[in-house]
K.L.:
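I'd like to ask some things about the structure below.
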Protein chains: 2
Amino acid sequence: MENALVKTESEQSNRYMVPGLIRGLKILQAFSSEKPFLGVSDIARELDVSRSTAFRLSLTLENMGFLKRVKHSKKYCLGLKVLDLGFKLLAGMDIVDIARPHMEELSENTKVCSHLAVRDGISVVYIARILGKHHTVSSVGVGTRFPAYATSTGRILLANLSIAELATLYEGIELKKITKNTPLTIGDLINQIEQDKSDGYTLSWETYEKNLASLAVPIRDNTREIVASLNVSCPTTTYSRSELLEQVLPELMQKAASISTALGYRH
Amino acid sequence: MENALVKTESEQSNRYMVPGLIRGLKILQAFSSEKPFLGVSDIARELDVSRSTAFRLSLTLENMGFLKRVKHSKKYCLGLKVLDLGFKLLAGMDIVDIARPHMEELSENTKVCSHLAVRDGISVVYIARILGKHHTVSSVGVGTRFPAYATSTGRILLANLSIAELATLYEGIELKKITKNTPLTIGDLINQIEQDKSDGYTLSWETYEKNLASLAVPIRDNTREIVASLNVSCPTTTYSRSELLEQVLPELMQKAASISTALGYRH
DNA sequence: ATAATTAGTTTTATATACGAAACACATTAC
DNA sequence: GTAATGTGTTTCGTATATAAAACTAATTAT
């Protein structure tokens, strides 16, 4: 009972959280392509709860269709119901439907891949992708997360925050050196974002991955806030830096403007 | 306290279920493209729980990233974390990775859309899609669910069950007449499935949607069970019935065989 | 303007979800 | 073979999550 007081350890601060739900969701998150099958005991170890609790939680998730028993085994794997949630979210995002035709034209005209992304805390989450028909294809599928500070799309989205908000957001977060071009301090990041703002675009040349170029611009809605970022990405060999800026950027900005207009933004 | 005994009403039978988790998941499922924003009171009404409970559950989901407050409002919308689960599931399904290149060839050669689907109870769930380059594109995205009895892919997947299992699965389920070709009784369905089995394929001609044709075949793995269904679909005007069977079917079966082989199936 | 309604949040007494221990039955060790 | 460990499941007393009520702070009605 002496550890009843030491509840602050790694748990969320709020005293209103319901443990059954936290744990249930953590179970779903515990599954991965490396660990696709977990038994009750595995789950109990993973979450540091008793086997009886793990048992009841798993049973609940199974009954709801979020977990499935694998045939002729007592182990569980993720159930197909987990797909529903994600696709319901995307279906509700009319920005995806609005943007897609423009993105298809963009990809058709530039021959490269295009992505639409939104910010979730310090992450960029990709919510739409059009594969270029004629060149190396993107491996960034819908649902992919990247650190915002290290990607062109991410920096565009961070530009919507004030310096104070940025500082709060990145308080205690370490910026990892991914390639030679990634910002290493919040100061660096803020400077880059200020530069982006005056340019109106972000060019990332091997910032997140060697040999990968990406050019991103903001999309705004009727509130005038930056709600998404539209980008094109390709190998650094497809277009040179100047070709990207001279040939691709105007096309990209025009499509972004069309999407913003469709979302109610008045220029 | 008199209603404490009447717990069986619509709740799950099992006495080990943890209510906090059930309710939390039901909250996530309550959001839809028609109702993208819900407040604490809305949620309380929707789940028939007290506002204080709805409050604590929402707070928990918010802290976990599964719900987000919409700006300048107390309402919630789905958080982007829900995407993670679905895409983790798909990433773990190596059948998708294995099938995709074959599906791309298939779509390239036949010029129409191809889908890969698995069964989840009485539903078919689509887990991969390749859009045809030259014709009307499919609106059946990854994650889409359809009633298994009414689709070609679904009937192929149902063929893996014994008649007894089929009867159990559809016990108390009403088959709705979707078009003139949908089976209306379990007897009809079983007859159709028996026919499919001897044919080795299912042709659905306007079965689920007017003007839509779909041709599906089974995919088996090392256990010799039908684990997925591969199909092509197109408007009924693209290919005639006989063209589908003579030109497209051999190609489809060959690709399905390749995928089955890659999954360990020995012919 | 004022009252009435509805919203989200906080408190608190009690119904209940939880961990510990026991159980049954595998699988592995020796 | 038997012992030893590991698994999923069940029971049971107690710590705790919950519903009801109280409390604010917004909206809406009048």
Side-chain angles (χ1 to χ4, degrees), chain A residues 1-9 11-27 30-31 35-64 67-77 79, chain B residues 1-27 30-31 35-64 67-77:
Chain A
M1 218 134 298
E2 63 276 21
N3 64 348
L5 298 172
V6 203
K7 186 168 275 182
T8 335
E9 32 168 19
E11 290 299 311
Q12 277 74 6
S13 51
N14 211 301
R15 67 189 181 286
Y16 289 117
M17 307 270 281
V18 4
L21 182 51
I22 300 177
R23 289 161 173 179
L25 295 171
K26 280 190 178 167
I27 289 179
F31 288 85
K35 293 176 172 183
F37 310 118
L38 296 174
V40 169
S41 298
D42 302 319
I43 293 170
R45 268 188 297 274
E46 198 86 29
L47 306 208
D48 197 34
V49 296
S50 65
R51 290 208 310 279
S52 44
T53 301
F55 172 70
R56 277 176 294 107
L57 292 168
S58 316
L59 203 81
T60 307
L61 289 168
E62 184 189 1
N63 272 286
M64 302 282 292
L67 287 185
K68 256 185 73 171
R69 296 189 109 96
V70 334
K71 269 196 175 178
H72 312 303
S73 155
K74 301 213 161 190
K75 302 246 174 192
Y76 287 104
C77 65
Chain B
M1 219 136 298
E2 62 276 21
N3 64 348
L5 298 172
V6 204
K7 186 169 276 181
T8 334
E9 30 170 18
S10 73
E11 290 299 310
Q12 276 75 4
S13 53
N14 212 302
R15 67 189 183 285
Y16 288 116
M17 307 270 280
V18 5
L21 182 51
I22 301 177
R23 290 161 171 177
L25 295 171
K26 280 189 178 169
I27 289 178
F31 289 85
K35 294 176 173 182
F37 310 118
L38 297 174
V40 169
S41 298
D42 302 320
I43 293 170
R45 268 188 299 273
E46 197 85 30
L47 306 208
D48 197 34
V49 295
S50 66
R51 292 207 311 280
S52 45
T53 301
F55 172 69
R56 278 176 298 105
L57 292 168
S58 317
L59 203 82
T60 307
L61 289 168
E62 183 189 3
N63 272 287
M64 302 282 293
L67 286 186
K68 257 185 73 171
R69 296 188 108 96
V70 334
K71 268 196 175 175
H72 311 304
S73 155
K74 301 212 161 189
K75 301 245 175 194
Y76 286 104
C77 64

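Chain naming here is simple, since letters A, B, ... match the order of the sequence lines and numbering starts at 1 in each.
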K.L.:
Considering only NZ, NE, NH1 and NH2 on the basic side and carboxylate oxygens on the acidic side, decide whether Glu46(B) and Lys26(B) come within less than 4.0 Å.
P.N.:
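Lys26(B) and Glu46(B): not salt-bridged.
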K.L.:
Within this structure, what is the CG-to-C1' distance between Leu21(A) and dC18(C), rounded to whole angstrom?
P.N.:
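It works out to 16 Å between those atoms.
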K.L.:
In whole Å, what is the span from the NZ atom of Lys75(B) to the C1' atom of dA7(C)?
P.N.:
9 Å
K.L.:
Give the rounded distance in Å between these two atoms: CG of Leu61(A) and C1' of dG8(D).
P.N.:
16 Å
K.L.:
When the distance from CD of Glu46(B) to P of dA7(C) is rounded to whole Å, what number comes out?
P.N.:
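After rounding, the reported distance stands at 13 Å.
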K.L.:
How close or far is atom C1' of dA17(D) from atom CZ of Arg23(B), stated in whole angstroms?
P.N.:
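Roughly 10 Å, once rounded to whole Å.
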K.L.:
List the residues meeting side-chain contact (heavy atoms from CB on, under 4.5 Å) with Phe31(B), not counting sequence neighbours, and say none if there are none.
P.N.:
Ile27(B), Leu38(B), Leu67(B), Tyr76(B), Leu78(B)
K.L.:
Toward the 5' end of DNA chain D, which comes first, Arg45(A) or Gly20(A), by nearest nucleotide?
P.N.:
Arg45(A)
K.L.:
Among residues at least two apart in sequence or on other chains, which ones pass side-chain hydrogen bond (donor to acceptor under 3.5 Å, both in side chains) with Ser50(A)?
P.N.:
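Partners of Ser50(A) by the side-chain hydrogen bond (donor to acceptor under 3.5 Å, both in side chains) criterion, ordered by chain and then number, come out as Ser52(A), Thr53(A).
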K.L.:
How would you list, by chain and number, every residue that makes a ring pair (Phe, Tyr, Trp, His ring centres under 6.0 Å) with Tyr16(B), sequence neighbours excluded?
P.N.:
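Checked Tyr16(B) against ring pair (Phe, Tyr, Trp, His ring centres under 6.0 Å); matches are Phe55(A).
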K.L.:
Could you list all N or O pairs between the protein and nucleotides 9-11 of chain D that sit under 3.5 Å apart?
P.N.:
{"from": "dT11(D)", "atom 1": "OP2", "to": "Arg15(B)", "atom 2": "NH2", "distance (Å)": "3.2"}

K.L.:
Between C1' on dA17(D) and CG on Leu57(A), what's the gap in Å once rounded to a whole number?
P.N.:
14 Å
K.L.:
Under the rule for salt bridge (charged side-chain N to carboxylate O under 4.0 Å, His left out), what residues qualify as partners of Lys74(B), not counting sequence neighbours?
P.N.:
none
K.L.:
Please state how far atom CD1 in Ile22(A) lies from atom P in dA17(C), giving the value in whole angstrom units.
P.N.:
16 Å
K.L.:
Need to verify one output field. Residue with the more 5' nearest nucleotide on DNA chain C, Arg56(B) or Val18(B)?
P.N.:
Arg56(B)
K.L.:
My understanding is that only residues two or more places apart in sequence, or in another chain, count here; which of them pass side-chain hydrogen bond (donor to acceptor under 3.5 Å, both in side chains) with Lys75(A)?
P.N.:
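For Lys75(A) the side-chain hydrogen bond (donor to acceptor under 3.5 Å, both in side chains) partners, ignoring immediate neighbours, are Asp42(A).
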K.L.:
Quickly work out the Asp48(A) CG to dC18(C) C1' distance and round it to whole Å.
P.N.:
14 Å
